[in-house]
2 protein chains.
Amino acid sequence: MATSTGMRGRTSGNLGGRPALTSAHRLAEVAQELFLTKGFAETTIADITAAAGVSQRTFFRYFTTKADVLWVETSAEQARLQALLDAAPPEEPYHEVLYRAIPAALHHPPEEHTWALHRAQLLLTAPAVQAQAAARYAEWRASVTRFAAARLDSPPDDLLPTAVGAAALTATLTAHEYWITHPTDDLPTLLERLLQLLIPRPDGSPSGAT
Amino acid sequence: MATSTGMRGRTSGNLGGRPALTSAHRLAEVAQELFLTKGFAETTIADITAAAGVSQRTFFRYFTTKADVLWVETSAEQARLQALLDAAPPEEPYHEVLYRAIPAALHHPPEEHTWALHRAQLLLTAPAVQAQAAARYAEWRASVTRFAAARLDSPPDDLLPTAVGAAALTATLTAHEYWITHPTDDLPTLLERLLQLLIPRPDGSPSGAT
DNA sequence: TTACTTATGTCACAGTGCGCCATAACCTCT
DNA sequence: AGAGGTTATGGCGCACTGTGACATAAGTAA
């Protein structure tokens with residue numbers, strides 16, 4: 001499964017060859033700061049590369065798309081989720097695993113909260129970013145779908161695991177969306193409540209709305 | 001509420017002025033056919049306008065974006081949903097209204113089925129199309145959220161109506177996504193099953209999974 | 001030094017989307 | 001018919017994104 005990040009990362013092993021002038025992280029950092037001051041659409045690649053001191057061509061060697069700089073962190077979160085799902089005890093009900101694992105995978109230390117909030121605002125409002133979003137979301141959802149299918153002992157393209165994956169994804173997105181309009185709310189709490197509201201449970205237990 | 005379609009429709013009232021050489025519908029028709037034969041990304045605006053016999057500049061007077069031609073039908077579906085929700089009897093439980101109204105709003109006569117399938121394939125797979133998608137999806141979801149909030153007698157930015165709107169949207173999308181990989185399945189049936197699985201109900205009744 | 005490797009820069013190009021201005025085609029009123 | 005207003009179109013230039021081809025800089029190992 002080629003996780004298909006939009007990054008074209010330069011080779012990591014530095015045994016020979018010209019040393020890199022910059023890095024994906026550095027470019028993403030510079031870019032995100034410009035996005036916050038000028039807005040995503042108003043920031044050009046020329047702005048970013050000028051600030052970073054490299055040529056435009058170099059930018060596109062690190063990222064396939066301008067929007068891709070916003071998704072640097074995503075693969076790490078994706079990997080955390082996958083690891084948490086793999087490590088979950090088999091006897092734990094699948095919905096409880098998800099209530100626990102998804103907020104945990106998205107957890108960031110307090111000092112990154114404003115960064116995470118800014119990122120969420122950019123991810124959910126800039127149209128060009130949405131184009132890349134679908135592919136990332138698909139991986140997130142697929143992890144949950146596979147997990148649910150395994151727990152339900154059904155093929156992953158059955159409707160129920162599909163629904164569980166879709167619910168997990170939309171809970172994640174809705175929580176962030178709600179969060180950016182209510183920034184004082186606690187994201188993990190929002191996440192857990194939405195997961196409880198949205199994830200279907202096969203045992204006929206009540207949905208968590210009250 | 002300016003429904004903000006990506007169309008820049010020429011004035012409809014034709015009292016005076018040069019008659020239009022083309023129309024949004026005609027351009028969308030030509031474009032969609034090219035998309036199906038060559039693919040979305042591989043079809044250029046020049047291809048479309050050449051086939052339609054107008055200049056490129058004219059295309060961008062009808063649509064703000066290449067991807068917008070795929071969303072012509074959307075505002076009609078959106079309007080149908082809104083009308084159905086407005087007309088629903090107040091005593092009917094909100095989730096049952098949604099089970100009924102959403103498949104109805106998306107209903108197309110049998111002769112349009114292949115067209116609808118092709119459109120769904122394009123909408124859900126071409127990255128550039130996703131950029132426009134978020135705005136359309138937001139309207140769809142907002143209709144449901146407002147409806148749910150009214151039925152639940154709560155402000156529309158409460159978490160429960162928000163979750164209902166999110167569930168309705170993701171059920172719609174997931175049904176289409178499932179449909180394009182299982183084209184022989186019946187879309188309205190898929191829709192209804194997913195709505196039953198995903199829409200949270202406040203009364204503690206079992207979720208519909210079995 | 002020589003060879004190899006890797007990152008960068010420059011150039012040219014296709015494609016999207018927009019602003020501006022001229023022009024074509026239709027209307028109504030005189 | 002002619003004048004004036006209205007609307008759609010066409011053409012031109014431009015900024016920006018993203019790519020391919022090719023040359024070059026700056027390291028490492030022999």
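All of these numbers come straight from a predicted model, not from anything done at the bench. Both backbone and side-chain heavy atoms feed into the values below; hydrogens, waters and symmetry mates do not. Per chain, numbering begins at 1; letters A, B, ... match sequence-line order.
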Q: What's the CZ-P distance between Phe63(B) and dT9(D), to the nearest Å?
A: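 Value for this atom pair: 12 Å.
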Q: May I ask you to check whether His176(A) and Gln121(A) show a side-chain donor-acceptor distance below 3.5 Å?
A: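 The criterion, which ignores hydrogens and geometry beyond distance, is not satisfied for Gln121(A) and His176(A).
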Q: Relative to Phe60(A), does Lys66(A) satisfy both conditions: NZ or CZ under 6.0 angstrom from the six-membered ring centre, and within 45 degrees of the ring's axis?
A: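 No - Lys66(A) does not lie over the ring of Phe60(A) by the 6.0 Å and 45° rule.
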Q: Could you tell me how far apart Phe60(B) (CZ) and dG19(C) (P) are, to the nearest whole angstrom?
A: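 Atom CZ in Phe60(B) sits about 12 Å away from atom P in dG19(C).
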Q: Answer yes or no: is there a donor N or O on one side and an acceptor on the other, between the side chain of Tyr62(B) and the main chain of Val69(B), under 3.5 Å?
A: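 A pair under 3.5 Å: no.
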Q: Strictly below 4.0 Å, heavy-atom distances to any atom of DNA chain D: list the hits from residues 30-48 of chain A, or just say none.
A: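 Going residue by residue through residues 30-48 of chain A, the ones with a heavy atom under 4.0 Å of DNA chain D turn out to be Thr43(A), Thr44(A), Ile45(A).
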Q: Starting from C1' on dG15(C), measure out to CZ on Phe59(B) and report it in whole angstrom.
A: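 Spelled out: CZ on Phe59(B) to C1' on dG15(C) is 13 Å.
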Q: Which is more 5' along DNA chain C, the nucleotide nearest Leu21(A) or the one nearest Gln56(B)? Just name the residue.
A: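 So the residue in question is Leu21(A).
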Q: Regarding His108(A) and Glu77(A), is there a side-chain donor-to-acceptor distance under 3.5 Å anywhere?
A: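 Checked: His108(A)/Glu77(A) side chains pair up, N/O donor to acceptor below 3.5 Å.
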Q: Do we see a donor-acceptor contact under 3.5 Å between the side chains of Gln82(A) and Arg146(A)?
A: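 On atom types as modelled, these side chains qualify, holding a pair under 3.5 Å.
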Q: How many angstroms lie between atom CG of Leu197(A) and atom CD1 of Ile199(B), to the nearest 0.5 angstrom?
A: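 One gets 12.0 Å once the value is rounded to the nearest 0.5 Å.
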Q: So, Arg136(A) and Asp68(A), do they make that salt bridge, N to O below 4.0 Å?
A: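 Salt bridge between Arg136(A) and Asp68(A), a charged N being under 4.0 Å from a carboxylate O: yes.
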Q: Determine: side-chain N/O of Ser55(A) to OP1/OP2 of dT10(C), distance under 4.0 Å, yes or no.
A: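 Result: no.
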Q: Any idea which of dG18(D), dG27(D), dG17(C) is nearest the Lys66(B) side chain?
A: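 Given the options dG18(D), dG27(D), dG17(C), the side chain of Lys66(B) is closest to dG17(C).
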Q: Between the protein and nucleotides 20-22 of chain C, which nitrogen or oxygen pairs are less than 3.5 angstrom apart?
A:
none

Q: Classify the ring geometry of Phe59(B) against Phe63(B): parallel below 30°, tilted from 30° to 60°, perpendicular beyond 60°.
A: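 Rings of Phe59(B) and Phe63(B): tilted, 30 to 60°.
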Q: Determine: side-chain N/O of Tyr62(A) to OP1/OP2 of dA7(C), distance under 4.0 Å, yes or no.
A: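 For dA7(C), OP1/OP2 do not have a side-chain N/O of Tyr62(A) under 4.0 Å.
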Q: Which of the following nucleotides, dT8(C), dT19(D), dA8(D), is nearest to the side chain of Ala20(B)?
A: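 Of the options given, the side chain of Ala20(B) lies nearest dA8(D).
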Q: More than 12 heavy atoms of other residues, nucleotides or ligands under 6.0 Å from CZ of Arg151(B): yes or no?
A: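 For Arg151(B), atom CZ is crowded (more than 12 foreign heavy atoms under 6.0 Å).
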Q: Which residue lies toward the 5' end of DNA chain D, Gly17(B) or Thr22(B), if each is placed at its nearest nucleotide?
A: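 Its nearest nucleotide lies further toward 5', so the answer is Gly17(B).
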Q: Quick one: is Thr58(B) getting a side-chain N or O under 4.0 Å of the dA8(D) phosphate, OP1 or OP2?
A: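 No.
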Q: Between dT7(D), dA26(D), dT17(D), which nucleotide gets closest to the side-chain atoms of Arg18(B)?
A: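 That would be dT7(D).
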